[in-house]
Amino acid sequence: MSNLGLIISLLIIGAGLLWLLIRSLQGKEVERRIIFLFIGLAVSVPLLFNITFSEKATPIVKALYDKIDNLPEGSNILLSFDYGPTMAPEVQPMSDVLIRHVLAKNHHLFLMGLWATGQSLGAEAVDRIIKGDFPEKIDGIDFVNIGYKAGNQGVLNVIVTDFRKLYATDVGGRDLDSLPIFNGIKSLKDMDLLISVGGGFPGVKEWVQFAGDPGNVPTGGGSAAVSAPLLYPYYPRQMLGLMGGIKGAAEYESEFKRHYERFKDMPEPGVKMMGPQTLAHLVIMAFIVIGNLSYFFGKKGKQS
Amino acid sequence: MKRQLPLSLVFIFGVFMIIQYFVPHESSEWIFEFLLDWIYIIGIFALALGIWSLIRVSWDKIKYRKDNWQYSLVTLLGLFAMIVFGFDYLRNFQTAEGLQNFMFVHFFDYIMIPIQATMFSLLAFFIASAAYRAFRARSILASLLLIAALIVMLRFNPYFGPISPYLEKTASWLLNVPNLAAKRAIVIGVGLGIVATALKVILGIERAYLGKD
Amino acid sequence: MMHKLLIVMCLLFIAGAGYVSAEEIPDSLKPALPSDITIYPDSGGNVAVIYWFPSADDGAGKNIVTGYALYRSPSPKGSFEVIDTVPPGPNRYIDFLPIDTTVVDSGAPFSPAPVTEVTLADKDNDHGHAVIVKWKTSADDIAGSPSNRVLAYNVFRAESQSGPYLMRGQSASGDTQYDDVGSKEREARDYMPDYTDYYYIIRTKTIEYHPGHKDYFYIVRSITDNPDNYRETSPLQFDGTIYTDSQVYGPVQCFGQWFNSGLIPVLIFVICFTAITVFMIFRARRGAELFVRRLAGIEAVDEAIGRATEMGKPILYVLGLGTAAEIATIASFTILGRVAKKVAEYQTGLIVPCYDPIVMTVAQETVKASYMDAGRPDSYDENMVYFVTQSQFAYVAAVNGVMLRELPATNIYMGKFFAESLILAETGALAGSIQIAGTDEIAQIPFFVVACDYTLIGEELYAASAYLGREPVLLGSLKAQDYAKAAVMIIAIVGFITINLNWDWFVNLFRVAN
Amino acid sequence: MAVTKKISLLILAIVIVLFAVSWIAKTGTFEDTGMPLGLSVRDGFLVTFAAFLTLSIFSFLYKDNPYYKFAEHLFVGVSAAYWMCVGFWSTFVGNFIPKVSEGLSNFFEVPYKGFDVFYFIPLILGIMLLLRMSSKIGWISRWSLAFIVGTTAGLNLIRYMRSDFISQVSNTFVPLVVDWQGFGAFFSDLSLNASGQLIMTMSNWVIFIGVFCGIIYFFFSKEHSGFFGGASKVGIWVLMVTFGASFGYTVMGRVSLLVGRLTFLFHDWLGLIN
């Protein structure tokens, strides 16, 4: 039903644009209200019909996805929440999909934060995602949240050699040694993958410089769009992969959904935001083309 | 009195503000903070003047039954209702709790916020119509504008963006390099223009803002 | 009929919404938390010392904090019990931990070397109330090494050699300096009076724990007169970190300076620029011929006023969102004066909706003066220049309304503009008006360039006022601006050569210290 | 004329009916969540009214109409009063009263901070400003204006001299050859990577020439001809490329604003999407 509505709407938009194109080939200008109408449609149709343009993961995102997917079951993956509430709308979708992916592959998930706000964001993610989608996963066996320690990259300097020098317990106050998940885990070097999601200082860059490089552990991340360009130079040699901005999150979400039948109904805030963006963008560019056509053909028409 | 005194006031305060910048000592800071505080307080009186102007213009419209005078009633109604709530007429006129008044908050949340956000979102429509109208290869300048805009838009389009890594590189180069150069040239010019105009104001050369008599 | 119904709807809203108030305490009325809470072990880990800075509402701000309550629990999710309440002010609390007989202190703990060679000095070029503390790092602090056991340095200060020492702040391992900046406000708890002796201790904090330490968790709560009105921290871990204190250093005093030597380059520029400007103005007064190139945007203004007269439609002049103090707005006043004079001469209409009440006042003066200059004081109407509202988008909504209802022949936007620039310019284009814009707000220039017929880019806005006036003094200052730009280009070329030759001294001339 | 009036009355009737339907429906939805009737009625109204105002503003895109006029005028009145109340309580009561009068401080329940005679100066200047309402002695208000303009002109002069001028000039000093290690190294590492030597060096050249030509474009006392004309032409080209790029870059963010607004309509009001 909703697919039918979607197809009809898209047909209307497409046919409308085509009609405008033909008109502009005859040198006629498009009225402003028609442009407004198209923008309104381009934004509301994807919202109403929940259009998810299946995003194709760019190599930099795919690299991160593949790494998590290809690691043998039961690998140790650490996810650091290096952001605060203001940045959350942009990067939270990344943490969400990463947590799902890691747990769906039955890896061990270690959560922490280099930002003080990261601890509660981590706890909130545990409540929302793990308790919701993975009720069978047990805190301390399949996943653990060790929380935040002050010291920025200084923390990394320490835990790259020994977790227990800084972390005695997890956020629940349980001794690390009493947690099965920490069996045989001494330092970051025992992790199979480090992921930092953030967008400021300290963030992905510090993880690469102070943990990934010295510990020789693959490191990946997710970052707000504004700071992503500063991280690209680290890819692919020092940084395995990166999700840049909401677009990166959307790509990852699509890639994940494509392979995991079970999660085809999971919320995908990244993809959802991209639908209207994509269509509106296309429509605006179509109008620029139409505008140029009507300019050139209009002129010719007058001359002849 | 009408013109010389204001001009000398401008000169004295202007020169003082320049000098105090170089004096980090507390006493200079103290006067500096005083002056800034005063400007805010005077601003409140000015706001009263503004509200008075709004009321008068609306009232004139109603009185002389100008076009759309009925809507001026809506303005006045909104204005007075909000003032009454802001001063919390029923309970505690004397404390700032007016700002937490239930109706004051709800007028803010359900009238101001929706309209404000909607006005802002009109930009999505206008940016499209402006692009349609203006991005045409009429001249070299217009073509440059068009091409740069298209490259950057393509880069940020989820579909076309990933087509080629060179598109991404070109777009970020455009945003980083020529952008930096142009902004710097503008900023240097604007900085100079501001300094020169401020100097003219302090020296009493630019005085249109004082009116005439 | 329809209008009345609309008004009724508005009334309905007010009446229908009811009058209910919430009883719980809003967040804005709650006291702020104390800051920089740190917990240290003492006596081999048997004592916890808790330091904190007072809450922003303690003796300042809302001034409602009547003290602090301390809670302790062996686990962060366990039941926290009050251990004590303490009066307001900067504080330190010593908590004797319950003796746990199962824990045996096993052997002498590692203790890091203390910091040495501590120097204390007043902070230069400031208003006083600050001391710079420098030290040589602990011998155990191997910066950059993963096996570094030193985590941070904590700086403590006291007003007498014997204490009490209060913690001022923290520097990371490897750091050798801490700027101890206090408040100059006498009422502030953080007040750091000038000309007072201060003594310092620097504590080297490690990542090691006392052997056999036991974790405890603390909650610190800001309390007020109202038992329901408080705010508390999340559980804070006390983990028995090992540290070493340096010896006591001092005394040192802080004081303010009368001249900021770091700003000498700025002073030189100000003097030079003023001299050039004054010189050029004098030359212009003596009748030197000064050429100014044409500015399309400004020449369009005259044309547009003529067009408006022909069409019998008014001119809309928008001064932007700047305050009267903004220089862009002041430049805009000069242009408005010129436009108003023409308008008065041609007997065209003029509409000036204002965002800022002081801007409205000044604009009224300016327009009135222009009408007098044009010899038509009787045509001036106070209601031509009016205040709308100080809310960005409400102002935009109103100006949009004016554009579509009055259909002005020309819209002129000069001054400071923000996100509304494109909304205004597109609505103006919709109404078919000729549009001339000018702003120094860089982010908005692209939108005006795209949507308006003429745009004054950045500095052109400032040049426009001189250009329009054609007074020699104003043109003189324009010439001075050009000389300054020429100087910039020469400096840039020299700077450019020197930086490529690695002569840093020239570049450093332009580095302005704080 | 009569026809258009009939049509607009018809539209009004439809709007009122839809408004009522939405109010009732929304009330029902809220009640389903377990809210008491009174509160449901109120919140149903509020959400409906917010949606009505949102649509009224959007209707402006078609053309000016009574609904837009209503929303616009209501918004102007409410927001003007809002800022006045905030200004009164935060600046006048919060900042001014505690420093001039103990009696008034007690009346407004703000802590009295001790009498400060200097705060009578802004009071006097403020009253002078209010004298504008009189046409006879309105000129006195210029004194207050002179104070404000003088103070801020001095402040701006120095601030812009430093931040916009001196620091921007010094930022233009960039090395024209980045990390030069001889031709061999240059050609062997040649790449189009943004961090490659060729691109870095080229970028520095573009920045330098761009700033240079941009400044020449802003020369006013020289005819744009000859070398000057050429350079200023390059300057305006660089400016235009920048404006285009900035415009293109903004499009994305603006679309998401509209997404936010439509989400309010579809989700919070109509409940069409979750």
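We name chains A, B, ... by the order of the sequence lines, and we start the count at 1 in each one.
Note on ring orientation: taking the six-membered ring where Trp is involved, the planes of B:F87 and D:W89 are tilted (angle from 30° to 60°). In this pair, D:F147 and B:W38 present their aromatic rings tilted. The plane angle is within the 30 to 60° band.
For a residue to count as touching a neighbouring chain, one of its non-hydrogen atoms must lie under 4.5 Å from one of that chain's; by this rule D:R132 touches chain B with the side chain only. At a 4.5 Å heavy-atom cutoff, the contact between D:I127 and chain B is made by backbone and side-chain atoms alike. With a threshold of 4.5 angstrom between heavy atoms, D:I207 approaches chain B through its backbone and through its side chain. For B:F80, no part sits under 4.5 Å from any heavy atom of chain D, backbone or side chain. Interface remark: D:F118 contributes backbone and side-chain atoms alike to the contact with chain B (heavy atom separation under 4.5 Å). For chain B, the nearby part of D:I121 is the side chain; its heavy atoms alone come within less than 4.5 Å. Within the 4.5 angstrom heavy-atom criterion, only side-chain atoms of D:F60, from C-beta onward, approach chain B. When heavy atoms are compared at a cutoff of 4.5 Å, B:F22 approaches chain D solely by way of its side chain, counted from C-beta outward. Heavy-atom distances place the side chain of B:L175, and not its backbone, under 4.5 Å from chain D. For D:S141, no part lies under 4.5 angstrom from a heavy atom of chain B. Only the side chain of D:M202 comes within contact range of chain B, with heavy atoms under 4.5 Å apart.
The side-chain heavy atoms of B:F45 and D:L123, taken from C-beta on, include a pair separated by under 4.5 Å. Residues D:F247 and B:L145 have side chains not in contact (no heavy-atom distance under 4.5 Å, counting atoms from C-beta outward). Residues B:L123 and D:T250 form no side-chain contact, since every pair of their non-hydrogen atoms from C-beta on lies 4.5 Å or further apart. Between B:T118 and D:L53, the closest side-chain pair of non-hydrogen atoms is not below 4.5 Å. Looking at B:Y71 and D:P66, their side chains come closer than 4.5 Å, going by heavy atoms from C-beta outward. D:F49 places a side-chain heavy atom less than 4.5 Å from the side chain of B:I111.
Taken from CD1 in B:I202 to OG1 in D:T151, the straight-line distance is 9.5 Å, to the nearest 0.5 Å. Within the model, atoms OH of D:Y119 and CZ of B:F34 stand 5.0 Å from one another, a figure rounded to the nearest 0.5 Å. Here the CH2 atom belonging to D:W83 is positioned 10.5 Å from the CE atom belonging to B:M82, to the nearest 0.5 angstrom. To the nearest 0.5 angstrom, B:I39 atom CD1 is 5.5 Å from D:T152 atom OG1. Note: D:L125 CG to B:I42 CD1 = 4.5 Å, rounded to the nearest 0.5 Å. Interatomic distance, B:Y21 OH to D:I158 CD1, rounded to the nearest 0.5 Å: 6.5 Å.
Of the residues considered (B:T197, B:L141, B:I83), B:L141 shows the highest number of contacts with chain D, using heavy-atom pairs under 4.5 Å. Highest contact tally toward chain B, considering only D:G214, D:G210, D:A81, is held by D:A81 [criterion: heavy-atom pairs under 4.5 Å]. Counting heavy-atom pairs closer than 4.5 Å to chain D, the top residue among B:I194, B:V201, B:I140 is B:I194. The candidate from D:V76, D:L130, D:I140, D:I215 with the greatest count of non-hydrogen atom pairs under 4.5 Å with chain B is D:L130. Among D:L145, D:L55, D:I209, D:L239, the residue making the largest number of heavy-atom pairs under 4.5 Å with chain B is D:L239. Between chain B and the residues D:F218, D:F243, D:F58, the most heavy-atom pairs under 4.5 angstrom are made by D:F58. Of the listed residues (D:M133, D:K69, D:M240), the one with the most heavy-atom contacts under 4.5 Å to chain B is D:K69. Options B:L146, B:L122, B:I19 differ in how many heavy-atom pairs under 4.5 Å they form with chain D, and the most are formed by B:L122. Of the residues considered (D:L61, D:V238, D:N156, D:V47), D:L61 shows the highest number of contacts with chain B, using heavy-atom pairs under 4.5 Å.
Of the candidates B:I44, B:D37, B:I41, D:F96 forms a side chain to side chain contact (heavy atoms under 4.5 Å, CB included) with just one, namely B:I41.
Across all their heavy atoms, B:A148 and D:A245 have their closest contact at CB-N, 3.8 Å. In terms of heavy-atom proximity, B:F107 sits nearest to D:V78 at CD2-CG2, 3.9 Å. Heavy-atom minimum distance, D:V206 versus B:W173: CG2-CZ2, 3.8 Å. Between B:S72 and D:H73, the closest heavy-atom pair is N-CD2, 4.1 Å. Looking at every heavy atom in both residues, B:V10 comes nearest to D:A146 through CG2-O, 3.4 Å. Nearest heavy atom pair, residue D:S246 against residue B:K183, reads OG-NZ, 4.1 Å.
The neighbour count for B:L36 CG, taken as heavy atoms of other residues, nucleotides or ligands under 6.0 Å away, is above 12. The local environment of NZ in D:K99 is crowded, with over 12 non-hydrogen atoms from other residues, nucleotides or ligands closer than 6.0 Å.
Judged purely by atom type and a 3.5 angstrom limit, D:R142 uses its side chain to pair as donor or acceptor with the backbone of B:L210.
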Show me the donor-acceptor pairs, under 3.5 Å and distance only, between side chains in residues 46-57 of chain B and residues at least two apart or in other chains.
from	atom 1	to	atom 2	distance (Å)
B:S53	OG	C:F387	N	3.1
B:R56	NH2	C:N383	OD1	3.2

